[in-house]
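Quick notes on the structure that follows.
Per chain, numbering begins at 1; letters A, B, ... match sequence-line order.
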Amino acid sequence: MASPDKVDPIHQFAINKIVDLHIGGLDVSFTNSSLYMVVTVVLTGAFLYLATSSRAVVPSRMQSVAEMSYEFIANMLRDAAGEQGMKFFPLVFSLFMFVLVANLIGMFPYFFTVTSHIIVTFALAMLVILTVIFYGLYKHGLHFFNLFVPSGVPGILLPLVVAIEVISFLSRPISLSVRLFANMLAGHITLKVFSGFVVSLSALGVGGIVGSVLPLGMAVALTGLEFLVSFLQAYVFAVLTCMYLNDAIHPGH
Amino acid sequence: MPFARLDGAEAPNYVARDLERTGKQPAGRGMEVEMAVNGEPDETGKTGPHGQPNADPRDDDLDRRRRHLEASLAARKPARQEREEGASGVTGYGQAMKLSSEFIAGVGVGAALGWVIDRFAGSSPWGLIVFLLLGFAAGVLNVMRSVGKVAEFGQGANRGPDSKR
């Protein structure tokens with residue numbers, strides 16, 4: 001690479017402190033990541049508020065989008081967790097909108113992608129899993145642990161199977177967060193690398209400029225793919241949340 | 001009478017909806033299922049408390065037409081979901097990402113658990129060894145589960161619509 005400061009695919013994920021804050025020895029500085037989270041929340045809230053402020057029987061375009069997103073999540077949740085799952089609708093809808101809007105904001109050049117940091121996605125995943133565990137225990141008590149005991153397993157194998165099931169359950173927040181984080185991270189790095197090729201190649205003169213058409217086309221295609229991935233990952237996150245909530249609502253069938 | 005048949009035969013809602021989701025039945029019968037589903041309480045709850053499961057769907061013309069519209073909309077839904085699945089399958093990359101993260105998460109959690117147990121029980125390295133192997137098994141289980149080869153959590157052998165919940 002010609003000059004590492006020019007084409008540095010990792011640079012876009014750097015965390016910068018905007019307001020330095022320390023409370024009780026904890027670093028709670030307001031960073032660019034926090035800023036973009038606030039922007040995400042404000043944007044989502046403002047959009048939904050504006051879209052639903054003038055409710056009409058024949059919806060406007062914005063209202064239509066808001067209603068579509070509502071219907072989308074409502075159907076998803078009802079399919080996965082049944083009618084009882086609808087009490088978790090606010091959680092699932094907020095998660096979906098947050099992830100989706102954060103992903104889409106990250107698609108703007110020079111913007112920060114909140115979901116490309118594993119700690120953010122992990123916090124979201126832990127929120128889901130803790131909800132599942134606490135609601136499951138609250139609702140079903142110790143019966144909730146039937147989740148880990150598959151039916152029809154011979155008694156001698158039971159400890160082994162239960163241990164594997166427990167590990168499998170514990171790995172859920174990890175895989176949930178790693179999937180979202182890795183997709184966003186990999187996508188943005190790839191995009192940056194291909195865009196970097198365009199810059200490096202076009203610095204080589206006429207032949208380079210002609211050659212740089214290839215990575216440019218690739219970058220354009222990847223941008224489209226990244227938009228798809230943004231939606232898809234938000235969707236996958238929401239679907240898996242619904243599935244996990246279903247386990248909390250109906251453990252051991 | 002499609003309503004009578006399904007409503008009488010099955011518990012409300014879930015089973016019919018499952019059938020709807022699998023979307024594998026022939027077109028004519030699928031239609032009936034959808035209509036039965038949408039003849040039942042369903043509908044979002046955003047319009048407030050809604051009718052009982054056995055509310056007569058024919059009491060109001062407008063209501064019936066609305067239900068009919070929803071039925072035909074619902075009939076299109078499985079196809080749409082199918083396409084979405086297809087889209088994620090076509091990328092292949094997404095599928096690979098999904099499965100590898102499932103597997104790695106299993107192994108990682110197993111190793112972490114073993115390490116923590118060793119640390120507190122002083123049984124090094126046995127905890128790590130045992131739990132790494134268990135984690136490997138859990139990772140494989142995760143992968144099998146996410147491609148639908150193994151029953152979901154807390155369920156028996158077969159993964160039909162009835163055993164789903």
Side chains of A:Ser175 and B:Asn142: is there a donor and an acceptor less than 3.5 Å apart? no

SB check B:Arg66 B:Glu70 (cutoff 4.0 Å): yes

Chain A contact via B:Leu141 - side chain, backbone, both or neither, heavy atoms under 4.5 Å: side chain

Between A:Leu240 and A:Arg179, is any pair of side-chain heavy atoms under 4.5 Å apart? yes

Among A:Val153, A:Leu160, A:Ile174, single out the residue with the greatest number of heavy-atom pairs under 4.5 Å to chain B. A:Ile174

Looking at the rings of A:Phe13 and A:Phe112, which for Trp means the six-membered one, are their centres under 6.0 Å apart? no

For A:Ala182, is it the side chain, the backbone, both or neither that has a heavy atom under 4.5 Å from a heavy atom of chain B? both

